[in-house]
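Here's the structure, in structure tokens; my notes come after.
Proteins get letters first, then strands, A, B, ... in listed order; numbering begins at 1 in each.
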Protein chains: 2
Amino acid sequence: MTAAATALLELALRPQRRMLRQGEAVFRTGEPFTCLHIIHSGFFKLLHFGASGRQQLIGLHFKGDWLGFDGIARGDHGCDAVAMDTGEVWSVRYDHLLQVCVERPQVMTLLHTEMSREMAREREAVLSVCTLSTDARVAHFLRRWVDALEQRGLRTDSITLKLTRAEIGDYLGMTVESVSRALSRLARARLIEFAHKGRREVGIPDPAALSAFVHASSAPGPTLLQ
Amino acid sequence: MTAAATALLELALRPQRRMLRQGEAVFRTGEPFTCLHIIHSGFFKLLHFGASGRQQLIGLHFKGDWLGFDGIARGDHGCDAVAMDTGEVWSVRYDHLLQVCVERPQVMTLLHTEMSREMAREREAVLSVCTLSTDARVAHFLRRWVDALEQRGLRTDSITLKLTRAEIGDYLGMTVESVSRALSRLARARLIEFAHKGRREVGIPDPAALSAFVHASSAPGPTLLQ
DNA sequence: CGTATATTTGATATACATCAAAACGCGTGG
DNA sequence: CCACGCGTTTTGATGTATATCAAATATACG
């Protein structure tokens, strides 16, 4: 979302601001849907709880993203939205939002645009899972993370994964070990670098090279990393 | 969508009706976005064209579904929407739709609900691809097809797949051979039956059993089919 | 009827999961 | 500060589901 869009929202909607700390939820599975939420700062994850009790990471969201669209049709939420660090969301009652949409069509088109964008992102994610190898999936994941930071004007030379390998794994449909191995291979290929302290910090010396690798992997050809 | 919703749309939007025959496109990748389309009858598929030229099936849509949401944010279409048999779509210029939304908030909420529903479906598809075995994915695919027919009041005892095995395969992220084998195994387990003529007709003697199989597969446990 | 295309089935290869264990980091309490 | 325990990450050995390769059969279509 642009700065102008943000200003419009603040002015037109008078959203309720809410700070959340690491682990706190914006909403939880099964809660009745009343509000949409716009991320003002921080990182948020979406968790789905399967019949088998297994929890699974199904989405990552950053500043500017909206949360809660899934509730509109169902009337309640189909997943948890949890803060990955300290962050702030702006919450708007959906019934109020509808009123404002009528008064200010700009707000309506903004809402549609955000929903549409979200759908496109989701689609890209499906394609990635369906078509890419584990290495390429992890590379793609990192590339998208860098993109997200870039778009928001944050540093991208070194990024801090706010997820465990296990979470990355079930987001990408693979095991902890496969994630770890993929990262090791990417590091060996100099596509990423582990910072000196801890292996949760990942340096991306050349984002373009990472993109190139993802693309090369989607085309048929020889295996590239070992 | 309910019948009431359909009537509302027809009355409020005066959509342009358009018949399409097998293979004709509602819109194509790259075309500028101007309209949203509501399927009045027939079956439609969404095709994505990758960098490698490879085309991939990324969505299936039926009566009542809307087409074209992806264009709102981008300004053009990111995929082709193609008729799988003879069908009719009702097309509405997006700019006109916005006007009507302001005049009749009911239409606006209807639009939001459809977008939200579409997002939920997409999410379910991702989870399916990420977590299920090939057999279960195919079973799940069939089950969803039956659901779609059921919701629209059509016969579900025997369904006609309007897709080649190859298309089913790349929709589900697997190869032709795996689809074929999965279908054979499901048939051997009596979860499906091939009709006497041609193997494009599939009988579903017991939809509930199919669902049960999908659920059983998502839980950890012994392999079930051979 | 004959050719092209779709489907099935079999044999083999391989990417990834699973199982197992070691190394590392991190907080807690002595 | 160090020792201990616990969770995370890495790495290795092995198993298996699915892709790949190849060929036979079935179906559609001119």
Worksheet entry | Phosphate contact (dA19(D) OP1 or OP2) by T175(B) side-chain N/O below 4.0 Å |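 Checking dA19(D) against T175(B), a side-chain N or O does come within under 4.0 Å of OP1 or OP2.
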
N/O (side chain, S184(B)) to phosphate O (OP1/OP2, dT8(C)) under 4.0 Å = no

Checklist entry - Centres of the H37(A) and F27(A) rings: under 6.0 Å? => result yes

| task | Decide if the gap between the ring center of F33(B) and the ring center of H77(B) is smaller than 6.0 angstrom. | result | yes

Over how many whole Å does the gap from [X] atom [atom1] to [N] atom [atom2] extend?
{"X": "D170(B)", "N": "dT20(D)", "atom1": "CG", "atom2": "P", "value": "12 Å"}
{"X": "M174(B)", "N": "dC16(C)", "atom1": "CE", "atom2": "P", "value": "16 Å"}
{"X": "R188(B)", "N": "dT9(C)", "atom1": "CZ", "atom2": "C1'", "value": "10 Å"}
{"X": "L183(A)", "N": "dT11(D)", "atom1": "CG", "atom2": "C1'", "value": "14 Å"}
{"X": "L161(B)", "N": "dT27(D)", "atom1": "CG", "atom2": "P", "value": "15 Å"}
{"X": "R199(B)", "N": "dT8(C)", "atom1": "CZ", "atom2": "P", "value": "6 Å"}
{"X": "F194(A)", "N": "dT10(D)", "atom1": "CZ", "atom2": "C1'", "value": "10 Å"}
{"X": "D135(A)", "N": "dT14(C)", "atom1": "CG", "atom2": "P", "value": "16 Å"}

- Work out which heavy atom in R143(B) is nearest to a heavy atom in S211(B); give both atom names and the distance.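 For R143(B) versus S211(B), the nearest heavy atoms are NH1-OG, 2.6 Å.
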
Across the strands shown, which category fits G169(B) at heavy-atom distances under 4.0 angstrom: base, sugar-phosphate, nothing?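 The answer is nothing, as G169(B) stays clear of every strand by at least 4.0 Å.
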
- Query: Base, sugar-phosphate, or nothing for S180(A), non-hydrogen atoms under 4.0 angstrom?
  - Reply: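 The answer is base, as S180(A) lies within the cut-off (heavy atoms under 4.0 Å) of a base atom.
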
Computed from five pairs at either end and rounded to 10 degrees, the angle between the axes of the helix from dC1(C)-dG30(D) to dG30(C)-dC1(D) is 40°

- Message: Tell me whether the rings of F43(A) and F62(A) are parallel (<30°), tilted (30 to 60°) or perpendicular (>60°).
- Response: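 Correct class here is perpendicular.
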
| message | Looking at R117(B) and E114(B), is there a salt bridge between them, counting it only when a charged N and a carboxylate O are closer than 4.0 Å? | response | yes

Review point. Does the distance from a Lys or Arg side-chain N to an Asp or Glu carboxylate O, for E150(A) and R155(A), drop under 4.0 Å?
Key: no

task = Return each pair, listed once, that meets side-chain hydrogen bond (donor to acceptor under 3.5 Å, both in side chains) where at least one residue sits in residues 159-168 of chain B; pairs must be two or more places apart or across chains.
result =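 Sorted result for residues 159-168 of chain B: K45(B)-E167(B), T160(B)-E201(B).
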
_Should the side chain of R181(A) and the base of dG12(D) be counted as holding a donor-acceptor pair, with the cut-off at 3.5 Å?_
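Side chain to base: pair present.
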
query = Per the atom types in the model, does the base of dT27(D) pair as donor or acceptor with the side chain of R165(B) at under 3.5 Å?
reply = no

Side-chain atoms of V176(B) come closest, of dT18(D), dT8(C), dT11(D), to dT8(C)

Among the nucleotides dA22(D), dA20(C), dT9(D), which one has an atom lying closest to any side-chain atom of E177(A)?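 For the E177(A) side chain, the nearest candidate turns out to be dA20(C).
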
